[in-house]
Amino acid sequence: MPQSAEEYVQSLYPEDADLQKVMEGIQSSGMPQISIEPVYGRLLTMLTGIAGAKRGLEIGALGGYSGICIARGLGKGGKLISLELKQEFAEVAKSRLLEAGFGECVEYRIGEALDQLQQLEEEGQRFDLVFIDADKGNYPRYLEWAIRLANPGAVIIGDNTLMHGKTMDPERNSPSVIAMRKFNEQIAGDPRLESTILPAYDGLAIARVK
Ligand code: MG
């Protein structure tokens with residue numbers, strides 16, 4: 001018997017060859033195993049498709065797992081810009097997207113995400129979907145940028161908003177936990193957004209820019 005509802009749901013789906021390669025690539029590169037959960041990866045693809053998004057922005061590429069999920073949803077003619085702090089991570093992610101047939105669709109930009117976001121604004125870039133999955137201490141700033149760079153109706157998704165329970169524990173008050181609380185409160189209360197937060201796994205925030 002599965003040990004959790006999450007495990008049960010996951011067991012319903014067959015292994016995904018492209019995403020399996022991502023997990024292997026992450027392991028062999030010594031990267032942390034912190035990709036988005038497969039069930040949320042499926043949701044990422046679905047929301048991208050349902051929103052009809054053609055231009056996606058990802059903050060935090062890691063090994064390419066979420067990049068493939070978004071690229072699948074963007075479909076033909078879609079464009080994904082992926083921001084990654086580390087050159088070596090971006091290279092691993094790029095290889096996986098190439099193998100999965102999305103080499104044409106993705107562009108990696110390396111460096112501090114806040115600088116890259118400023119640059120995107122200066123270029124007049126706008127997005128239909130923004131996925132935030134990077135350093136937790138900057139989540140509130142990333143959310144502001146996501147709203148700023150959003151086309152009307154754009155979808156903004158944030159991963160790990162529960163921080164393994166720390167976000168709701170009043171005893172935990174590191175700068176990143178405080179930042180995540182602020183992010184969740186803004187997701188829930190910002191009049192520019194409609195939103196929900198899924199509490200399974202490590203929490204997934206989903207907002208739509210009005
Ligand atoms: Mg994550």
Side-chain angles (χ1 to χ4, degrees), residues 4 6-7 9-10 13 16 18-27 29-48 56-73 80-86 88-90 92-94 96-97 100 106 108-110 112-114 116-117 127 129-143 145-146 155-169 172 174-184 186-187 195-207:
S4 64
E6 284 97 338
E7 205 179 297
V9 169
Q10 183 54 33
Y13 294 95
D16 183 306
D18 291 329
L19 297 176
Q20 194 56 41
K21 275 189 210 157
V22 172
M23 302 308 282
E24 288 159 16
I26 286 174
Q27 192 153 25
S29 316
M31 293 158 81
Q33 291 281 6
I34 50 169
S35 299
I36 189 168
E37 293 291 343
V39 167
Y40 283 166
R42 304 179 68 82
L43 181 61
L44 197 50
T45 303
M46 288 177 68
L47 288 172
T48 307
L57 171 66
E58 171 181 61
I59 307 176
L62 193 65
Y65 196 106
S66 51
I68 288 177
C69 295
I70 296 168
R72 284 175 174 171
L80 171 65
I81 294 185
S82 181
L83 310 184
E84 175 53 52
L85 182 63
K86 298 184 178 171
E88 62 269 32
F89 286 11
V92 172
K94 191 173 186 176
R96 294 299 92 74
L97 269 88
V106 65
Y108 288 92
R109 297 195 178 195
I110 316 301
E112 287 290 343
L114 292 171
Q116 300 296 334
L117 290 162
F127 300 93
L129 177 116
V130 182
F131 179 55
I132 304 169
D133 193 13
D135 51 316
K136 308 310 170 209
N138 276 318
Y139 263 45
R141 290 185 195 94
Y142 295 151
L143 179 56
W145 273 110
V155 177
I156 300 171
I157 302 172
D159 192 25
N160 307 108
T161 67
L162 298 180
M163 297 180 75
H164 305 290
K166 285 184 242 168
T167 319
M168 60 183 185
D169 181 350
R172 305 298 289 263
S174 70
S176 57
V177 170
I178 290 169
M180 191 59 86
R181 262 179 218 135
K182 191 174 161 196
F183 173 88
N184 285 336
Q186 192 182 348
I187 283 277
S195 73
T196 191
I197 300 174
L198 305 183
Y201 298 102
D202 198 23
L204 191 79
I206 304 170

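We count ligands from 1, going down the list as the structure has it; atoms in each ligand are counted the same way.
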**Asked** Taking the six-membered ring of Tyr65, is the NZ or CZ of Arg96 close enough (under 6.0 Å from the centre) and on axis enough (within 45°)?
**Response**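 Here Arg96 fails the 6.0 Å and 45° test against Tyr65.
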**Message:** Is there a side-chain hydrogen bond (donor to acceptor under 3.5 Å, both in side chains) between Ser66 and Glu58? Walk through the geometry before answering.
**Reply:** CA-CA 8 Å; Ser66 51; Glu58 171 181 61; 2.5 Å; yes
**Request:** Indicate if the distance from the Mg ion (ligand 1) to the nearest N, O or S atom of Ser66 falls below 2.8 Å.
**Result:**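 No, outside the cut-off.
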**Request:** Find, among atoms of Asp133 that are N, O or S, the one nearest to the Mg ion (ligand 1), and state its name.
**Result:**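 Closest N, O or S atom of Asp133 to the Mg ion (ligand 1): OD1.
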**Which N, O or S atom of Asp159 lies nearest to the Mg ion (ligand 1), by name** =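 Of all N, O or S atoms belonging to Asp159, OD2 is the one nearest the Mg ion (ligand 1).
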**Main-chain N/O of Glu84 paired to Lys86 side chain as donor or acceptor, under 3.5 Å** =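 No, the answer is negative, given that no donor and acceptor are paired below the 3.5 Å cut-off.
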**Request:** Would you mind telling me which of Leu117, Asp135, Asp133 makes a side chain to side chain contact (heavy atoms under 4.5 Å, CB included) with Ile59?
**Result:**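 With Ile59 as partner, side chain to side chain contact (heavy atoms under 4.5 Å, CB included) holds for just one option, Leu117.
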